[in-house]
Amino acid sequence: ITQPIAWIKQHFPKGALAGNCLHEIFEQIDFQQPDTWADEIRRRFKNSYQSLWLQLLEQFQTQFPEHDNAEQQLYQWLVAWIAEVLATPLDQGFQLQQLATGRYLSECPFYLALSDRVLAMQRIQQLFAGYGMSMPELLEAKSARYLNGSIDLVYFDGQRYHIADYKSNYLGANAADYAPSQLAENMSQSSYWLQADLYLVALHRYLKVKLQDYAIEQHLGAATYLYLRGMQGSAQQGYAYWKPADEFVLRLDAILGYFAEQNSSRNV
């Protein structure tokens, strides 16, 4: 039996601009103040994403011509969508709606210092293969000195520090398209496993500096990729959760920084 995802998740525009819009909404809202979400959504569309709003409105009016308040209905559906995402039980039942202000960082910038020689993509691929994980062929980074970007969400669940990444990918119109096996396949095709491990290395390095008593086995948590269109507030649906072995993170950390460490020790 196939269960379709909600209309708003099926028909919210696709592509990079729509993804940016959803990211900004989750970046700006207070997870524990649902009464303010509609205003924040309205502000995003009015200030930066008017074209998306017009697309969404046109689709709604085409399919529901008799509805007399399209805007209000769309905002209600968007708020309900956010609520489902934040209420979805992740590892050990933890929900993002439990996060009070101060226990999470949105759009957390990171800079990963790399070796000053060729970034050894082959060694990284061998590392993943050693853990039974394949990844697409990636080009050698001939001149990379550091990787930089931002992590959508870094949060503390009371025990460990975790990262989460919002994905607006449209994988299909049915809930089954966002089941764990489907998401694992998409994660592999898109090299998201590598991205997740790079994020965890960045968080590991950050915590080593910031936490006086840092221990990777005690403090470093998992990476969760939130496929927003497939999340319905239920466990094991719409997200890919990954807690790699601590050794896996440390070995990637060593590959990324190995030559720099060798050079610095030689220069001392």
Side-chain angles (χ1 to χ4, degrees), residues 90-92 104-157 159-167 183-226 239-268:
L90 305 177
D91 180 47
Q92 298 181 339
Y104 64 94
L105 289 172
S106 295
E107 291 297 314
C108 181
F110 73 89
Y111 299 89
L112 267 178
L114 303 180
S115 70
D116 55 4
R117 301 183 193 173
V118 173
L119 176 58
M121 288 309 308
Q122 188 175 2
R123 289 183 64 195
I124 293 174
Q125 288 178 310
Q126 289 169 349
L127 170 64
F128 274 74
Y131 283 83
M133 303 175 72
S134 62
M135 66 166 67
E137 289 294 322
L138 298 169
L139 296 174
E140 295 282 339
K142 298 295 185 186
S143 60
R145 299 300 295 273
Y146 62 89
L147 296 171
N148 70 301
S150 60
I151 302 171
D152 291 347
L153 184 67
V154 174
Y155 66 92
F156 180 62
D157 68 359
Q159 294 182 310
R160 297 174 185 267
Y161 294 85
H162 305 265
I163 71 106
D165 201 79
Y166 305 120
K167 294 299 179 190
L183 298 189
E185 184 178 340
N186 186 260
M187 292 279 291
S188 295
Q189 291 172 348
S190 306
S191 295
Y192 289 160
W193 299 118
L194 174 58
Q195 183 187 53
D197 208 21
L198 289 170
Y199 286 168
L200 288 171
V201 169
L203 181 57
H204 162 68
R205 291 184 180 185
Y206 177 79
L207 293 174
K208 271 206 303 187
V209 172
K210 292 295 184 181
L211 292 184
Q212 190 173 2
D213 59 347
Y214 174 70
I216 187 170
E217 63 276 4
Q218 180 182 344
H219 295 109
L220 187 67
T224 304
Y225 275 52
L226 308 171
Y239 64 90
Y241 172 88
W242 186 37
K243 174 68 174 77
D246 295 334
E247 182 192 26
F248 192 107
V249 177
L250 292 173
R251 288 179 65 186
L252 180 59
D253 183 32
I255 291 170
L256 295 176
Y258 177 75
F259 292 120
E261 290 169 12
Q262 289 290 88
N263 288 342
S264 64
S265 62
R266 197 164 50 239
N267 293 336
V268 170

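Computed from a predicted structure; not experimentally measured.
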> Between Thr224 and Asp91, is any pair of side-chain heavy atoms under 4.5 Å apart?
Replying inline: no

> Can you check whether Leu250 reaches His204 side chain to side chain, under 4.5 Å on heavy atoms?
Replying inline: yes

> When rounded to the nearest 0.5 angstrom, what is the spacing between CG in Leu127 and CG in Asp197?
Replying inline: 7.0 Å

>> If you count heavy atoms of other groups shown closer than 6.0 angstrom to OH of Tyr214, is the number above 12?
In response: yes

>> For a quick test of reading the model, state the closest non-hydrogen atom pair linking Val249 to Pro244 and the distance between them.
In response: CG2-CG, 3.9 Å

>> To the nearest 0.5 Å, what is the distance between CG on Asp157 and OH on Tyr104?
In response: 15.0 Å

> Taking the side chain from His219 and the backbone from Ala215, do they hold a donor-acceptor pair closer than 3.5 Å?
Replying inline: yes

> Picking from Tyr199, Trp193, Tyr192, what satisfies side chain to side chain donor-acceptor pair (under 3.5 Å) with Gln195?
Replying inline: Tyr199

> Mind checking whether Asp165 and Ile151 have side chains closer than 4.5 Å, heavy atoms only?
Replying inline: no

>> Minimum heavy-atom separation for Ala164 and Leu226, please, with both atom names.
In response: CB-CD1, 4.1 Å

>> Does Tyr131 form a side chain to side chain contact (heavy atoms under 4.5 Å, CB included) with Arg251? I'd like the steps, not just the answer.
In response: CA-CA 12 Å; Tyr131 283 83; Arg251 288 179 65 186; 3.8 Å; yes

> Hey, is the main chain of Glu217 close enough, under 3.5 Å, to the side chain of Arg160 for a donor-acceptor pair?
Replying inline: yes

> Once you round to the nearest 0.5 Å, how far does CG of Leu203 lie from OH of Tyr161?
Replying inline: 9.0 Å

> Looking at Val154 and Cys108, what are the two nearest heavy atoms and their distance?
Replying inline: CG2-CB, 3.9 Å

> Does the ring centre of Phe248 sit less than 6.0 Å away from the ring centre of Trp242?
Replying inline: yes

>> Please evaluate residues Leu198 and Leu256 with respect to the criterion side chain to side chain contact (heavy atoms under 4.5 Å, CB included), reporting the C-alpha separation (whole Å), side-chain torsions for both, the decisive distance (0.1 Å), and the verdict.
In response: CA-CA 9 Å; Leu198 289 170; Leu256 295 176; 3.7 Å; yes

> Considering all heavy atoms of both residues, which atom of Ala240 and which atom of Leu183 are nearest to each other, and what is their separation?
Replying inline: N-CD1, 4.0 Å

> Where the side chain of His162 meets the backbone of Ala222, is there a donor-acceptor pair that is under 3.5 Å apart?
Replying inline: yes

> Under the 3.5 angstrom rule, does the side chain of Tyr225 hit a backbone N or O of Ala196 as a donor-acceptor pair?
Replying inline: yes

>> Within this structure, what is the CG-NZ distance for the pair Leu220 and Lys208, rounded to the nearest 0.5 Å?
In response: 11.5 Å

>> Looking at Gln92, I want to see if its CD is surrounded by more than 12 non-hydrogen atoms of other residues, nucleotides or ligands under 6.0 Å.
In response: no

>> To the nearest 0.5 Å, what is the distance between CG on Asp246 and CG on Leu200?
In response: 10.0 Å

